[in-house]
Amino acid sequence: MSKINTNQDTKAIDETKNISSCSTDKLLELIIELQGLAQAGLHYGKDAFDLERYERIRDISAHMLSICSDEPVEKIKGLFCNETGYQTPKLDSRAAIFNGQGKILLVHENNGTWSLPGGWVDVTLSVYENIVKEVKEEAGLHVLPQRVIAVMDREKHNKPRYAFRICKIFILCREQGGGFIPNIETTGYDYFSMSDLPTLAEEKVCREQLQMCFDAYSSDHWETYFD
């Protein structure tokens with residue numbers, strides 16, 4: 001009968017405790033990194049056996065995220081494993097539009113919350129072109145983008161964290177007419193001051209980011225903020 005290595009068993013137990021004590025955010029960070037490495041391996045790898053291993057690692061990372069988030073693994077794979085090539089952050093553009101009273105425009109989302117008009121940057125459009133399109137779609141307004149307020153790492157400012165990194169670009173725009181058009185994303189828009197903000201869609205924009213937009217609007221020499 002072989003001798004039991006109690007020191008090794010104790011070490012394994014300690015390591016398990018360390019893993020279980022990791023915060024959810026740290027675990028999510030590791031899962032995201034694992035997925036990114038697998039995606040890079042699938043893009044640059046040449047050996048068929050290595051590609052099979054990278055595919056398996058990517059599949060494991062999706063199942064890990066499903067367990068952590070209580071979301072179906074099929075949904076996770078649709079969001080988490082649907083890209084090819086070297087993984088980079090997604091781009092999200094948001095428009096800051098002010099009226100003559102210095103109030104900011106927010107669009108009313110279908111779920112009852114409010115947000116700056118904007119969304120994912122289409123692959124066929126520049127950031128400038130995309131923000132014009134998004135404001136037209138969500139608020140029915142024509143705008144002239146004027147300057148970049150900020151380029152922000154979403155996970156440093158907005159909750160909840162997502163399984164992919166997002167770069168948010170806030171752009172100061174000037175309204176040039178138009179009117180609301182019914183659409184599938186928003187039910188209307190209104191203008192607000194910082195002191196009377198409605199319930200925000202904080203996964204898209206938070207109070208800190210709106211205050212930044214107000215500061216940029218009132219500044220003659222605003223310097224673009226970036227993380």
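Worth saying up front: this structure is predicted, and the values here are computed from it rather than measured.
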Checklist outcome for this item: Residues Ser115 and Arg94: closest non-hydrogen pair is OG-NH1, 3.5 Å

Checklist entry - Does the side chain of Met64 come within less than 4.5 Å of Leu30's, by heavy atoms? => result no

Next on the checklist: If you count every heavy atom of other residues, nucleotides or ligands that lies below 6.0 Å from Glu223 atom CD, does the total exceed 12?
Outcome noted: no

Checklist entry - Any side-chain heavy atom of Thr113 sitting closer than 4.5 Å to one from Glu202? => result no

Checklist entry - So how far is it from Lys204 NZ to Ile166 CD1, rounded to the nearest 0.5 Å? => result 11.0 Å

Item to check | Considering all heavy atoms, the nearest Phe214-Lys103 contact | outcome: CE2-CA, 4.5 Å

Item to check | Stepwise side chain to side chain contact (heavy atoms under 4.5 Å, CB included) check, Thr187 with His108 | outcome: CA-CA 6 Å; Thr187 61; His108 191 237; 2.6 Å; yes

Next on the checklist: With a 6.0 Å cut-off on the ring centroids, do Phe192 and Trp114 count as close?
Outcome noted: yes

Item to check | Separation between CZ of Arg147 and CG of Leu172, rounded to the nearest 0.5 Å | outcome: 5.0 Å

Checklist entry - Are any side-chain N or O atoms of Arg207 and backbone N or O atoms of Leu200, one a donor and one an acceptor, separated by less than 3.5 Å? => result no

Item to check | Check against side chain to side chain donor-acceptor pair (under 3.5 Å), Thr186 and Asn183 | outcome: CA-CA 6 Å; Thr186 59; Asn183 63 88; 2.9 Å; yes

Next on the checklist: Side-chain heavy atoms nearer than 4.5 Å, only ILVMFWY residues, links allowed to pass through others: does that put Ile169 and Met152 together?
Outcome noted: no

Next on the checklist: Between Asn99 (side chain only) and Ile104 (backbone N and O only), is there a donor and an acceptor less than 3.5 Å apart?
Outcome noted: no

Checklist entry - Considering only heavy atoms from C-beta outward, does the side chain of Gln39 approach that of Arg58 to under 4.5 Å? => result yes

Checklist outcome for this item: Correct closest heavy-atom pair for Val135 and Ala95 would be CG2-CB, 3.5 Å

Checklist entry - Would you say the side-chain atoms of Glu208 and His157 include a donor-acceptor pair closer than 3.5 Å? => result yes

Item to check | Hphob cluster co-occupancy, Tyr189 + Met194, side-chain heavy atoms under 4.5 angstrom | outcome: no

Next on the checklist: Does Val151 form a side chain to side chain contact (heavy atoms under 4.5 Å, CB included) with Asp227? I'd like the steps, not just the answer.
Outcome noted: CA-CA 7 Å; Val151 179; Asp227 290 321; over 6 Å; no

Next on the checklist: If I compare all heavy atoms of Ile97 with all of Tyr191, which pair ends up nearest, and what's the gap?
Outcome noted: O-CE2, 3.9 Å

Next on the checklist: Side chains of Asn130 and Lys133, heavy atoms from C-beta outward: is any pair under 4.5 Å?
Outcome noted: yes

Checklist entry - Just how far is it from atom SG of Cys173 to atom CD of Gln146, taken to the nearest 0.5 Å? => result 7.5 Å

Item to check | Minimum heavy-atom distance Ile171-Val127, with the two atoms named | outcome: CD1-CG1, 3.5 Å

Checklist entry - Quick one: do Phe170 and Trp120 end up in the same hydrophobic cluster if we chain Ile, Leu, Val, Met, Phe, Trp and Tyr together by side-chain heavy atoms under 4.5 Å apart? => result no

Next on the checklist: Do Val148 and Trp222 sit in one hydrophobic cluster, given that two such residues count as connected whenever their side-chain heavy atoms are within less than 4.5 Å of each other, even indirectly?
Outcome noted: no

Item to check | Minimum side-chain heavy-atom gap Leu106-Leu116 below 4.5 Å | outcome: yes

Checklist entry - Can you tell me how far CG of Leu65 sits from CD1 of Ile60, rounded to the nearest 0.5 angstrom? => result 14.0 Å

Next on the checklist: Please find the pair of heavy atoms, one from Val73 and one from Ser66, that lie closest to each other, and give the distance.
Outcome noted: N-OG, 3.5 Å

Checklist entry - Would you find a donor on one side and an acceptor on the other, under 3.5 Å apart, between the side chain of Glu138 and the backbone of Val107? => result no

Item to check | Common cluster, Tyr225/Leu210, ILVMFWY with side-chain heavy-atom separation under 4.5 Å | outcome: yes

Checklist entry - Hey, does the side chain of Asp92 reach the backbone of Lys90 with a donor-acceptor pair shorter than 3.5 angstrom? => result no

Next on the checklist: Please determine whether a side-chain nitrogen of the Lys or Arg among Glu155 and Arg165 lies less than 4.0 Å from a carboxylate oxygen of the Asp or Glu.
Outcome noted: yes

Next on the checklist: As a quick check of understanding, evaluate side chain to side chain contact (heavy atoms under 4.5 Å, CB included) for Tyr217 and Ile149, giving each step before the final call.
Outcome noted: CA-CA 9 Å; Tyr217 171 71; Ile149 297 172; over 6 Å; no

Checklist entry - Would a distance-only check, ignoring hydrogens and angles, find a side-chain to backbone donor-acceptor pair under 3.5 Å from Ser219 to Ala216? => result no

Next on the checklist: Please report the interatomic distance OG1(Thr199) to CD(Glu109), rounded to the nearest 0.5 Å.
Outcome noted: 12.5 Å

Checklist entry - Which distance, rounded to the nearest 0.5 Å, do you find between the CD of Glu185 and the CD of Glu137? => result 6.5 Å

Next on the checklist: Name the residue from Gln209, Lys168, Glu203 that meets the side chain to side chain donor-acceptor pair (under 3.5 Å) definition with Asn158.
Outcome noted: Gln209

Item to check | side chain to side chain contact (heavy atoms under 4.5 Å, CB included) between Ile31 and Gln35, intermediate numbers included | outcome: CA-CA 6 Å; Ile31 294 171; Gln35 194 277 333; 5.6 Å; no

